[in-house]
Number of protein chains: 2
Amino acid sequence: MTRSGADLALLLLGGYRTLVESVVAELAARGHDDVRPVHDFAMRAIASGADNASELGRRLAVSKQAAAKTIAVLLERGYVRRGTDPDDARRKRIEVTPLGWEVMHQGEAAFDELRAQWARRIGADELAALERQLAVLVGDDAVRPEAAGPAAHD
Amino acid sequence: MTRSGADLALLLLGGYRTLVESVVAELAARGHDDVRPVHDFAMRAIASGADNASELGRRLAVSKQAAAKTIAVLLERGYVRRGTDPDDARRKRIEVTPLGWEVMHQGEAAFDELRAQWARRIGADELAALERQLAVLVGDDAVRPEAAGPAAHD
DNA sequence: CACAATAGACAATCTGGTTGTCGAAATCAA
DNA sequence: TTGATTTCGACAACCAGATTGTCTATTGTG
């Protein structure tokens, strides 16, 4: 089969979607039917130190306004809470709640389960090779969005 | 390095984005600065037979209203034209214009060039294996959206 | 101190999607 | 053949997730 570059793009997108759809379905089945992928990614960024809207925007490579909106829905759903920063009165410090952690853990477990299924289907070595090659192609930073993507200048 | 399932998802998304961003940048550099990936996909679907809004919606797995909007922008940009269907007065037959074909060809060339670069970086065999494995994982239909995806019930 | 940079709020806007409704045309079943 | 159902495309309202631009409060710096 001759594959075009566009087919490659579609394969990559298809792979991503397959994973993400399964995970949100799994989360919905466990009662978290209002979680979107972006929420999970945002919570992980918050948990790993992006504890204010501007910083979160930078890490996710979106504008701080977009990040603030995401935080607003996370707040509303109870997945994060907000306090003040003792060192900087401009900042509102964001913190992941236990409920947020629960969703993240379930999401991670679902992702890992999917990955294990893939490993069974194509072989663990092949999957590892696939990941390694993608990492090379993408520039490994892609896994850490703060270093990649079109920076939002804000 | 231990990779989680979520990292795998990010890698796939990152790969897709890397490709698509390069291609739209390349198209923009050649004067088509108003083309979005969805436009290219839609034109290809139209060219391959989805010559009316309802059918296009089915193929792209979106609602016919969304497809109609996409067609409207393609019309406005001059990438497709619209006529009547001699056999069914309800249908408006859509056709890709020469300008549309030009964009598709340039996009395809850009994708293929990117794919060749990747092949040089990780090896042609490895890239072929990666595509083969992704195809298995995704169910090859992902390359032909008309057969996959959450159907828009309309 | 004065001024530049930063955080976050708010508004307007854009894109790409959704549902729902509708009239016109086509198809199907009695 | 005719009446019911389906399908096509148009229109409206809406939504999610982004954008840019403007504003105030606060902080850091020459």
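Worth saying up front: this structure is predicted, and the values here are computed from it rather than measured. Below, chains carry the letters A, B, ... as their sequence lines are ordered, and counting in each starts from 1.
As judged by a 4.0 angstrom heavy-atom cut-off over every strand, Ala66(B) is placed among the base-contacting residues.
Side-chain atoms of Lys64(A) come within donor-acceptor range of the base of dG8(C), with a qualifying N/O pair under 3.5 Å.
Sorted by first then second residue, the ring-ring contact (aromatic ring centres under 6.0 Å, His included) pairs that include residues 74-106 of chain A, not counting sequence neighbours, are Trp101(A)-His105(A).
Expressed to the nearest 0.5 Å, how far CZ of Arg44(A) lies from CG of Leu10(B) amounts to 6.5 Å. Note that the CZ atom of Arg115(A) and the CG atom of Leu8(B) stand 6.5 Å from one another [nearest 0.5 Å]. Put simply, CG on Leu13(B) and CG on Leu13(A) are 8.0 Å apart, with the number rounded to the nearest 0.5 Å. Separation of atoms CD (Gln65(A)) and OG (Ser54(A)) is listed at 8.5 Å; rounding is to 0.5 Å.
Only Asp88(B), Ala89(B), Arg90(B), listed by number, bring a heavy atom of residues 83-94 of chain B to less than 4.0 angstrom from any atom of DNA chain C.
Here Ser54(A) does not reach the OP1 or OP2 of dT6(C): none of its side-chain N or O atoms lies under 4.0 Å away. At the phosphate of dT18(C), OP1 or OP2 sits under 4.0 Å from a side-chain N or O atom of Ser63(B). When the side-chain nitrogen and oxygen atoms of Arg58(B) are compared with OP1 and OP2 of dC8(D), one or more of them lie within a distance under 4.0 Å.
Nucleotide dA16(D) holds its P atom 15 Å from the NZ atom of Lys69(B), rounded to whole Å. We find that CG of Asp40(A) is positioned 17 Å from C1' of dG17(D), with the value rounded to whole Å. The interatomic distance linking Leu60(B) (CG) with dG17(C) (C1') rounds to 12 Å, in whole Å. The interatomic distance linking Gln65(B) (CD) with dT7(D) (P) rounds to 14 Å, in whole Å. Taking atom CG of residue Asn52(A) and atom P of nucleotide dA5(C), one finds them 19 Å apart after rounding to whole Å. Rounded to an integer number of Å, the gap from CZ of Arg36(B) to P of dG17(C) is 12 Å. Straight-line distance from the CZ atom of Phe41(A) to the C1' atom of dA18(D): 17 Å, rounded to whole Å. Regarding Glu55(B), its CD atom lies at a distance of 18 Å from the P atom of dA26(C), rounded to whole Å.
The residue among Asp51(B) and Val38(A) whose nearest nucleotide of DNA chain D lies closer to the 5′ end is Asp51(B).
Residues passing the side-chain contact (heavy atoms from CB on, under 4.5 Å) test with Val38(B) are Arg36(B), sequence neighbours excluded.
Residues Ile46(A) and Leu74(A) have side chains in contact (heavy-atom distance under 4.5 Å, counting atoms from C-beta outward).
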